2 protein chains.
Amino acid sequence: MQNLSKNQQIIFDLIDKSPEPLKAYTILYNVQKKGIKAPLQVYRALDKLVQIGKIHKIESRNAFIACHNSSCQVAKATAFSICEICEKVTEISSAGLSKYLANFKDKDGMKYSKYNLEFFGLCKKCR
Amino acid sequence: MQNLSKNQQIIFDLIDKSPEPLKAYTILYNVQKKGIKAPLQVYRALDKLVQIGKIHKIESRNAFIACHNSSCQVAKATAFSICEICEKVTEISSAGLSKYLANFKDKDGMKYSKYNLEFFGLCKKCR
DNA sequence: TAACACTATGTAATAATATAACATATATTA
DNA sequence: TAATATATGTTATATTATTACATAGTGTTA
Ligand SMILES: [Zn+2]
Ligand SMILES: [Zn+2]
Ligand SMILES: [Zn+2]
Ligand SMILES: [Zn+2]
């Protein structure tokens with residue numbers, strides 16, 4: 001587990017303490033006072049953080065959330081629930097689900113160790 | 001099953017005959033000769049086509065693919081495999097998988113009838 | 001038919017998301 | 001030290017998507 005660089009740490013801290021997924025430019029606005037001035041600086045840190053599993057990208061929302069699955073063993077096998085009203089996003093950690101998906105074989109008998117699953121519905125509060 | 005409007009039909013035809021997912025602006029360039037001149041015209045048709053399940057959006061690629069699951073009964077429950085080398089995308093239609101996911105319950109006992117799953121790996125040719 | 005609601009279209013402008021290209025600096029390792 | 005890899009800074013630009021406003025067509029029903 002490598003240490004984070006300065007920019008990576010700043011951006012990870014912001015995402016980690018956010019109760020909701022953050023978008024790249026929201027992140028940019030919030031770290032400008034810390035000296036990160038350009039989009040590319042944000043995107044580079046995001047890329048790295050995604051790569052090492054500290055954060056995940058919510059593809060349908062173009063937003064980023066910190067991993068809370070004990071610094072994701074499954075950086076490449078992610079599942080989320082997304083509330084269609086309040087946009088609350090929760091990372092799903094289910095041994096059953098990840099086992100099922102990791103063992104799933106398509107028609108050609110092909111298995112996939114990497115996947116991203118996004119469930120949509122209404123959260124407890126919005127139901 | 002409603003009929004498609006003129007723009008919707010033009011854009012669906014293009015996507016339907018494409019062997020690969022198409023991006024919005026690629027679509028735009030390809031339909032300009034048919035009188036569709038602005039991005040919004042494309043996005044509006046895409047939105048509608050997604051809504052009625054004739055096409056699906058590949059979220060991780062910002063691209064659109066025609067549904068070939070007999071005009072998708074499962075417009076809201078989609079699964080794809082994506083080759084990380086050649087970018088070939090295939091819609092997965094597996095009764096087992098859709099049943100498993102439709103019945104999946106999260107920690108709160110919540111079920112989700114809508115989801116999008118993207119598997120990543122190497123296709124037959126690229127392996 | 002006329003009124004209404006609904007869906008679709010046309011057009012211009014702009015917002016939001018992401019990358020290319022190039023220069024420099026810092027950390028790691030041999 | 002030298003070599004290598006990783007990270008940063010900066011400017012410009014590419015790509016993806018929406019807002020706002022005006023108009024036209026389609027279907028329903030009073
Ligand atoms: Zn995680
Ligand atoms: Zn909610
Ligand atoms: Zn389909
Ligand atoms: Zn391939």
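The analysis underlying the following values was restricted to heavy atoms, covering all of them including side chains, and did not include hydrogens, waters or symmetry mates. Lettering of chains follows the sequences in order, A, B, ..., and the numbering in each one begins at 1. Just so it is clear, the model here is predicted, and its values are computed rather than measured.
- Protein atom CD of B:Glu59 is 9 Å distant from nucleotide atom P of D:dA17, rounded to whole Å.
- At distances below 3.5 Å, not a single donor-acceptor pair connects side-chain atoms of B:Gln51 with backbone N or O atoms of B:Lys48.
- Defining each end axis of the helix from C:dT1-D:dA30 to C:dA30-D:dT1 as the rotation carrying four pairs' C1' atoms onto the next four, with five pairs an end, the two axes are found to diverge by 30° to 10 degrees.
- Nucleotide C:dT7 holds its C1' atom 7 Å from the NZ atom of B:Lys48, rounded to whole Å.
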Atom pairs and distances, donor-acceptor, side-chain atoms in residues 16-28 of chain A, under 3.5 Å, two or more places apart:
from    : atom 1 : to      : atom 2 : distance (Å)
A:Ser18 : OG     : A:Glu20 : N      : 3.1
A:Ser18 : OG     : A:Glu20 : O      : 2.5
A:Lys23 : NZ     : A:Arg61 : O      : 3.2

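- Remark on DNA chain C: of its neighbouring residues B:Lys37 and B:Asn62, the 5'-side contact belongs to B:Lys37, judged by nearest-heavy-atom nucleotide.
- In summary, the side chains of A:Glu91 and A:Asn69 do present a donor paired with an acceptor at a separation below 3.5 Å, with no hydrogens or angles considered.
- Note on B:Asn3: every side-chain N or O is 4.0 Å or more away from OP1 and OP2 of D:dT26.
- The phosphate of D:dG9 has OP1 or OP2 within less than 4.0 Å of a side-chain N or O from A:Lys6.
- When all heavy atoms of B:Phe119 and A:Leu101 are compared, the closest pair comes out as CE2-O, 3.7 Å.
- In terms of phosphate contacts, B:Ser5 brings a side-chain nitrogen or oxygen within less than 4.0 Å of OP1 or OP2 of C:dT9.
- Following rounding to the nearest Å, A:Ile27 (CD1) and C:dA18 (C1') show an atom-to-atom distance of 13 Å.
- Of the residues in residues 9-24 of chain B, not one places a heavy atom less than 4.0 Å from an atom of DNA chain C.
- A donor N or O paired with an acceptor N or O is not found under 3.5 Å between the base of C:dA15 and the side-chain atoms of A:Tyr25.
- Between the side chain of B:Gln41 and the backbone N or O of B:Ala38 there is at least one donor-acceptor pair closer than 3.5 Å.
- Among residue pairs with one or both ends in residues 93-121 of chain A, those qualifying as salt bridge (Lys or Arg N to Asp or Glu O under 4.0 Å) are A:Asp108-B:Lys124, A:Lys114-B:Glu84; sequence neighbours excluded.
- Minimum atom distance to the side chain of B:Gln8 is reached by C:dT9, of the listed D:dT10, C:dT9, C:dT17.
- Side-chain nitrogen and oxygen atoms of A:Lys57 include at least one within less than 4.0 Å of the OP1 or OP2 phosphate oxygen of C:dA18.
- For the pair B:Tyr112 and A:Phe120, the tightest heavy-atom approach, listed with the atom from each and the gap, is CD2-O, 3.5 Å.
- Applying the side-chain hydrogen bond (donor to acceptor under 3.5 Å, both in side chains) rule to B:Lys57 yields no partners; only residues at least two apart in sequence or on another chain are considered.
- Rounding to whole angstrom units, CG of residue B:Leu28 and C1' of D:dA14 are separated by 15 Å.
- One can place NZ of B:Lys34 at 15 Å from P of C:dT9, the figure rounded to the nearest angstrom.
- The heavy-atom pair separating A:Leu97 from A:Ala79 by the smallest distance is CD2-CB, 3.9 Å.
- For residues 39-46 of chain A, proximity to DNA chain C is found at A:Leu40, A:Tyr43, defined as any non-hydrogen atom under 4.0 angstrom from a strand atom.
- Heavy-atom minimum distance, B:Cys83 versus B:Cys123: SG-N, 3.4 Å.
- Shortest non-hydrogen contact noted between B:Ser60 and B:Ile82 is OG-CD1, 3.7 Å.
- Closest heavy-atom contact between A:Phe12 and A:Ala66: CE1-CB, 4.2 Å.
- C:dG10 atom C1' lies 14 Å from atom CD of B:Gln32, rounded to whole Å.
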